Undergrad: 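Okay, handing you the structure first.
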Amino acid sequence: MNKELADLLFPNITKDTNYYEELYPERNLAEGAIVTRFAPSPTGFVHMGSLRTTFIARKVANDTNGVFFLRIEDTDQKREVENGIQGIVDDFKNFDFKIDEGRIGEYEEIGNYGPYLQSERVEIYQTFAKLLVEKGLAYPCFCSEEALDETRKIQELNKERLGYYGSFATCRNLTIDQIKEHLNNGEKFVTRLKSPGNFNNRVFLEDLVKGKIEFPENDLDVVLLKSDGIPTYHFAHAVDDHLMRTTHVIRGEEWLSSLPIHVQLFNVLGFELPSFVHVTLVNKKDGEGVRKLSKRKDPEAALSYYHERGIPVDAVYLYLMTTANSNFEEWLDSNPDKTLDDFKFDFKKMSSSGSLFDLDKLLNISKNYISRLKADEVYNNVLTWAGKYDTEFYQLLDKYKDYSIKLFNIERECEKPRKDYEAYSSIKSQVWYMYDELFNPAKEDYEFKNVSSSDEISMILTTYVDKYYSESDDQETWFSKMKALCDELGYASNMKEYKANPENFKGNVADISTVIRVALTTKSMTPNLYDIMQLLGTNRIKQRINYLNNL
RNA sequence: GGUCCGUUGGUGAAAUGGUUAACACAUCACCCUCUCAAGGUGACAUUCAUGGGUUCAAAUCCCAUACGGAUCACCA
């Protein structure tokens, strides 16, 4: 009778589940290899929280010589977005994120366990659903949306548990004749699980980050196949992760609540249960409260934000690992020559409570990361970034390549390099004055400090340029000449002497440096003046002083 | 409302029964320095949501309460 029902419901399904079991055999991997995946719906972008979860998945697959694949869960037509897959693939590409199997474009994929697009696997799901019907573990339900709403209202009114279960599961006990009648009327149906569960039973499970968890057994007759024959997430998840031989289901914490359903589905289908890893959500402070980082409200939720801002991808990963494994930061500190790949991720070291996304910390990591790069790497990265987001800067960088590299090299190749670039997008605002094309300040742009009288400034500058400045000086000579200039003009060349008796001097060597610095750059705060003057060269130094004098 | 998860400083967190509760970010102060950026030194939780209990001893174990979050669709 169940067989008859199964054939009635799925007349076009001719294969049996063994066919698929053989098509997708056990993976031949070393002991301990983790097979895991990222399974987004094609919404066109990857969320920061997803990236974090996925990054961990990718990492553990790497660590164990396992497999990471990308499966697209496009079972909801309502959510469909144009080029939704491409958006995800592009985000991954921008983030140097490599996948071993799965979708690599809107229409292409790699790997032997596909298709990796759920809409192309409908026949597979239906085959397994048919098996369940045959076994008496699934049935068609003809309840209308209105009827379902109605019972929900009743349940709410009576303060009963919501859902399609027990006596509320009215289609559960339909006879085959009744079913035929519905079918003959042309009524649509969903395929529901005939849940064997009892809400009073407890199920125990070990989640790799949450630890021991327990919950009541599922007794909901959840929908397996929607009326269009397409599976729900729950069913597709069970079938796919079994057939794709996933060993670890790594996903966001929001799935924890539906775990009872999933466990039951795996059992009912006779599938071995994978390991579950429910990763905490990435939160954001919102007024007094805390909420999930949201794409709609928070720009930093989208990966494109980091790309546009020019935060190095590696820095983002460094940050993610810092939040994922609390011992990572310390490890990296004591192993400065190692990379992320050398670090072994440990689920046990992962916090089981949600945390706020800390952009300051990310920027700090980014700043440190950029400071460790070679000048030409910085150049190449900024050039790439500017090519996309700042054409003016791109052209300058392109035109003055060697000069720019020298500029980025100021105070870089030393024990304690400068750490002032937190992102590629912030560099231009810190170095613009080194490019003549960008240098046309107004009088009020000059940030003169203690010495501000035009006459005094002009006197200092001319004395310096006429009597002391020489392009060929090394830094030591250059500085001793600054001091000589101080002595000549009545400024203290020795800071200690100045501090002891400030009234004896017009100012000190810092004031003199500031005058020159501001005259050349307009800024009172710049990197090492000597390096800047070396880059500028005699002619441009004179030009800029003239420019200032003529304002 | 049911179910589940969580709660250590402004932030991320360490510590898994035993000295003054690591470390990092942020903030502040001082030092160094030609200005910045750094770097150095120090400050910043008399206390680990609250209340009970167990113990010679608890942030750590147990119970209750409060608060926060997730989820309860023919969405994923």
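Every chain is numbered from 1 and lettered A, B, ... according to where its sequence line falls, protein lines coming before strand lines. This one's a predicted model, so the numbers in the text were calculated from it and none came from an experiment. Keep in mind that the numbers below use all heavy atoms, side chains included, and drop hydrogens, waters and symmetry copies.
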Undergrad: Tell me: CZ of A/F328 to P of B/A24, nearest whole Å?
TA: 16 Å

Undergrad: Would you mind reading off the distance between A/Q155 atom CD and B/A73 atom C1', rounded to a whole angstrom?
TA: 13 Å

Undergrad: Rounded to whole Å, how long is the line connecting atom CZ of A/F215 with atom C1' of B/C72?
TA: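 A/F215 atom CZ is separated from B/C72 atom C1' by 15 Å.
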
Undergrad: Applying side-chain contact (heavy atoms from CB on, under 4.5 Å) between A/Y464 and each of A/I545, A/I512, A/I516, report the one that passes.
TA: A/I516

Undergrad: From B/U3, B/A76, B/U35, pick the nucleotide closest to the side chain of A/T232?
TA: B/A76

Undergrad: Measure from the side-chain heavy atoms of A/P216 and tell me the nearest of B/U3, B/A70, B/C72.
TA: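 Of all the options, the side chain of A/P216 is nearest to B/U3.
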
Undergrad: Exactly one of A/L303, A/I311, A/I365 should register a side-chain contact (heavy atoms from CB on, under 4.5 Å) with A/V316. Which one does?
TA: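 Of A/L303, A/I311, A/I365, side-chain contact (heavy atoms from CB on, under 4.5 Å) with A/V316 is met by A/I311 alone.
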
Undergrad: Reading nucleotides 10-16 of chain B 5' to 3', which nucleotides get B (base under 4.0 Å from a protein heavy atom), which S (sugar-phosphate only), which -?
TA: -BSSSS-

Undergrad: Within 45° of the six-membered ring axis of A/F215 and under 6.0 Å from that ring's centre, is NZ or CZ of A/R202 located there?
TA: no

Undergrad: Starting the side chain at C-beta, find the nucleotide from B/U71, B/C34, B/G1 nearest to A/F479.
TA: B/C34

Undergrad: With the threshold set at under 4.0 Å for non-hydrogen atoms, list the residues of residues 414-424 of chain A touching RNA chain B in residue-number order.
TA: A/K416, A/P417, A/R418, A/K419, A/D420

Undergrad: Of all the nucleotides listed (B/C34, B/U71, B/C5), which has the minimum atom distance to the side chain of A/E253?
TA: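 For the A/E253 side chain, the nearest candidate turns out to be B/C5.
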
Undergrad: Expressed in angstrom and rounded to an integer, what is the separation of A/N200 atom CG from B/G2 atom P?
TA: 15 Å

Undergrad: Quick check for you: among B/U35, B/C5, B/A76, whose closest atom lies nearest to any side-chain atom of A/R517?
TA: B/U35

Undergrad: Just to be sure I understand: a Watson-Crick pair is purine N1 to pyrimidine N3 plus N6-O4 or O6-N4, both under 3.5 Å. Using that and G-U wobbles, which stems of three or more pairs involve RNA chain B?
TA: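 Listed by first number, the stems are B:1-7 with B:66-72, B:10-12 with B:23-25, B:27-31 with B:39-43, B:49-53 with B:61-65.
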
Undergrad: Any heavy-atom pair between the side chains of A/T514 and A/N450 that's under 4.5 Å?
TA: no

Undergrad: Pick the P atom in B/A49 and in B/G39, then give their distance to the nearest Å.
TA: 33 Å

Undergrad: Are there any protein N/O atoms within less than 3.5 Å of an N/O atom in nucleotides 26-28 of chain B, and if so, which ones and at what distance?
TA:
{"unit_1": "B/A26", "atom_1": "OP1", "unit_2": "A/N364", "atom_2": "ND2", "d": "3.4"}

Undergrad: Before we go on, tell me: are the rings of A/F347 and A/F345 under 6.0 Å apart, centre to centre?
TA: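 Between A/F345 and A/F347, which both carry aromatic rings, the centre distance is below 6.0 Å.
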
Undergrad: Using a cut-off of less than 4.0 Å, is there contact between a side-chain N or O of A/K226 and OP1 or OP2 of B/A76?
TA: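 The answer is yes; a side-chain N or O of A/K226 sits under 4.0 Å from OP1 or OP2.
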
Undergrad: Students often get this wrong, so: under 4.0 angstrom with heavy atoms, is A/E411 touching a base, only sugar-phosphate, or nothing?
TA: base

Undergrad: Mark up nucleotides 58-63 of chain B, 5' to 3', with B wherever a protein heavy atom is under 4.0 angstrom from a base atom, S wherever such an atom reaches only the sugar-phosphate, and - elsewhere.
TA: ------

Undergrad: Over all strands shown, is A/N283 touching base, sugar-phosphate only, or nothing at heavy-atom distances under 4.0 angstrom?
TA: nothing

Undergrad: What contact category does A/V223 fall into here, base, sugar-phosphate, or nothing, at under 4.0 angstrom with non-hydrogen atoms?
TA: sugar-phosphate

Undergrad: ring-ring contact (aromatic ring centres under 6.0 Å, His included) for A/Y165 and A/F168? Distances and angles first, verdict last.
TA: CA-CA 5 Å; A/Y165 64 95; A/F168 298 107; 5.4 Å; yes

Undergrad: For nucleotides 30-32 of chain B, tabulate all protein N/O to nucleotide N/O atom pairs closer than 3.5 Å, reporting atom names and distance.
TA:
none

